[in-house]
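Below: one structure, written as structure tokens.
Numbered from 1 within each chain, the chains take letters A, B, ... in sequence-line order.
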There are 2 protein chains.
Amino acid sequence: MGKTRSAPTLTDVAREAGVSTATVSRCLNTPERVIESTRQRVLQAVESLGYTPNFAARVMAAKRSFTIGAIIPTMDNAIFARGLQAFQDELRERGYTLLVSSSAYDPEAEREQIRTLVARGADGLLLIGHARDPEIYEYLDRHQVPSLVAWSYVPEARRPSVGFSNACAMRALAESVLAAGHRRIAMISGLTEGNDRALSRVEGVRQALQAAGLGEGALTLIETPYEIDKGAEAFRQLMALEPRPTVVMCGNDVLAAGALREAKGMGIAVPEQVSVTGFDDIELAAIVSPALTTVHVPHREMGRKAARELVAMVEGTSAGQPECISTHVVTRQSLAAPPDPS
Amino acid sequence: MGKTRSAPTLTDVAREAGVSTATVSRCLNTPERVIESTRQRVLQAVESLGYTPNFAARVMAAKRSFTIGAIIPTMDNAIFARGLQAFQDELRERGYTLLVSSSAYDPEAEREQIRTLVARGADGLLLIGHARDPEIYEYLDRHQVPSLVAWSYVPEARRPSVGFSNACAMRALAESVLAAGHRRIAMISGLTEGNDRALSRVEGVRQALQAAGLGEGALTLIETPYEIDKGAEAFRQLMALEPRPTVVMCGNDVLAAGALREAKGMGIAVPEQVSVTGFDDIELAAIVSPALTTVHVPHREMGRKAARELVAMVEGTSAGQPECISTHVVTRQSLAAPPDPS
DNA sequence: TTGTAGGCGTTATCAG
DNA sequence: CTGATAACGCCTACAA
């Protein structure tokens, strides 16, 4: 009574159950290797003491943490939320825990987070996109931590990836835009430096224009961070252009939402006066008005597949099999034919 | 050459630098306690070997991880994103790392995550809301892990909280609704079981009605998970009622966004035919049309203050000082006077 | 200022 | 099937 108990350890449980620590450990990790009666006794002791294994000790002894780390560029919007949730769900089913940190699109922060996660004993890492300092990959190699890239699919890259071709996806959308009759095209891209997804999306638009026989002059490009306000700001700039573009393709739905907001504020009708497109098809895309024509990315599927593949890599079952997830254009009200020039 | 190096340890660095492991450790943790020249040598060895301290070992030896854990109900929408980002920023400034898991609003999952985080050596925990099994608090006590509740302010609760009064905030909003002339009020609440924030919001509406001399009959209540589709569904049900409510107050902006979407789909004009309100004032609230009248919660401020307080608790500087963050009603287009009954 | 040595809580190897 | 016992990598008195 009155004695301050601190957290019980394996030793406490062993004493309570009248067995050795080894047996307790076995009861917890390989229950089938211990006889029913003793197991009962041990588990009861565990229960009554409220014992929880010390993770650090376990990691150190087992050299395995059943933990997967993920570094995503941002938690501020829903772009990564759905895919990550699926990733986590799948991991859990396989007995792994997910640790997430966000780098705020800062390569230096990402480097630090990677080190932190590795130091914490992560068995594997999920990274977003391929673009990063090679030194990071060497670091991961040295620590023998498998890593998988998602949200991007580049089969020839140094790391295996489970994702989609940002270029193809955006190209398909651009083709829809062209098919609708647009010829003066503007794009609000996310910052492309250190972001291969953003870069590929721009590339996709360029490819479509070129295939349609349009020159570089047909595209006006603005780069800005992936934020609603920035999208709004960029849209305003574009609308000041002469001649005004007839369509504004945005690097993602967040930028597009900003563009739509600004259009409304400026009294510009979408899609009657100007069309707008997004990318990702997050929930937001269907809620704004007009609803966004965008590229649908099967985030959940990607998340689940990435989890399965990464676990396989961690467990040595796979060397890292790249996988391409297919996307498709979702047509909604924000894209229509360009206004009659008359 | 060709030799597979595995991760270097303290010992490797010590050997490389020609000092003892203790000195290397000091260079990393208390650099001022080692002379300049040796420090140089050690840091150089650290650099050239690409050494990263093994976290598990460090935690075990120091019984301190400089890690704070947070369990949030969901990552699927932006409700917690902004506050958590601020929380993380503030922690980082103070030398702590944040580990996040989401419980998907499942108490059992939350319990497990808490244990996981504690077992991982979290120095402190951020929890959302007060409602949970007392056993969990005992567990935290036993492990001597300080915890702080956020997104809710209940000074008399067992745990210190940094947050706002959900009841007062919602009551203020309900008063605005009443002031606009509404008398047939519906509410789409989040699930209240195990969610004190949701419950308090309902309570806030009830208080306002009562203060206005309205009976229980004036309020129609539906509870549903915090998802856009659920909000839409609930809205549809409410619109089938006879007489139809003139305003639908939603438990948060996500539900409200769903309601607005459904209204549009049903051809019901907001706010002309029915008003809608939200809660939280996430970015979404200003983007949907009509823009949402809602309760603004200063998420960033709350996150930063929570971080400061929790760190103080961890470092023994504070016993846990509850703090109330003030909210205010933001008036936008979605709330107007009820339609003329004529 | 620096080195020595013990211990943190588990797992894993190897006997018994 | 169960029990000693040696790691695991680092921190921290304590001693020099």
Practice prompt. Examine D/dA7: is either OP1 or OP2 under 4.0 Å from a nitrogen or oxygen in the side chain of A/Lys63? Give yes or no.
Written response: no
inquiry  = Is the shortest side-chain heavy-atom distance between A/Thr38 and A/Arg41 below 4.5 Å?
reply    = yes
### Query
Taking only N and O in the side chain of A/Arg33, is any of them less than 4.0 Å away from OP1 or OP2 of D/dC1?
no
dist B/Thr23:OG1 -> B/Arg26:CZ (nearest 0.5 Å) comes out at 5.0 Å
For the residue pair B/Glu309 and B/Glu323, establish whether any side-chain heavy-atom pair is separated by less than 4.5 Å. no
Taken to the nearest whole Å, CZ/B/Arg58 to C1'/C/dG9 is 19 Å
Residue pair B/Ala62/B/Glu32 against DNA chain C: nearer the 5' end by closest nucleotide is B/Glu32
Residues of residues 8-25 of chain B with a heavy atom under 4.0 Å from any atom of DNA chain D, listed by number, are B/Thr9, B/Leu10, B/Ala22, B/Ser25
Note to self: What I'd like to find out is whether the side chain of A/Leu127 reaches to under 4.5 Å of the side chain of A/Ile114, using heavy atoms alone.
What the structure shows: yes
With the side chain defined as heavy atoms from C-beta on, B/Tyr51 is closest, among D/dT2, C/dA12, D/dC10, to D/dC10
In whole angstroms, the gap separating P of D/dA7 from CG of B/Asn54 amounts to 18 Å
Checking D/dC11, C/dT10, D/dT2 against the side chain of A/Ala61 (C-beta onward), the nearest is C/dT10
In whole angstroms, the gap separating P of D/dG9 from NE2 of A/His143 amounts to 12 Å
B/Arg26 has its side chain closest, among D/dC10, C/dG3, C/dG9, to C/dG3
Check your understanding: Base, sugar-phosphate alone, or nothing: which one does B/Phe55 contact when heavy atoms must sit under 4.0 Å apart?
Key -> nothing
Quick note, A/Ala57 side chain, CB onward, closest among D/dT2, C/dT10, D/dG9 is C/dT10
Derivation and outcome, salt bridge (Lys or Arg N to Asp or Glu O under 4.0 Å), residues A/Arg92 and A/Asp89
CA-CA 5 Å; A/Arg92 180 160 326 184; A/Asp89 293 344; 5.7 Å; no
Worksheet item: Is the phosphate of D/dC11, meaning OP1 or OP2, less than 4.0 Å from a side-chain N or O of B/Asn29?
Response: yes
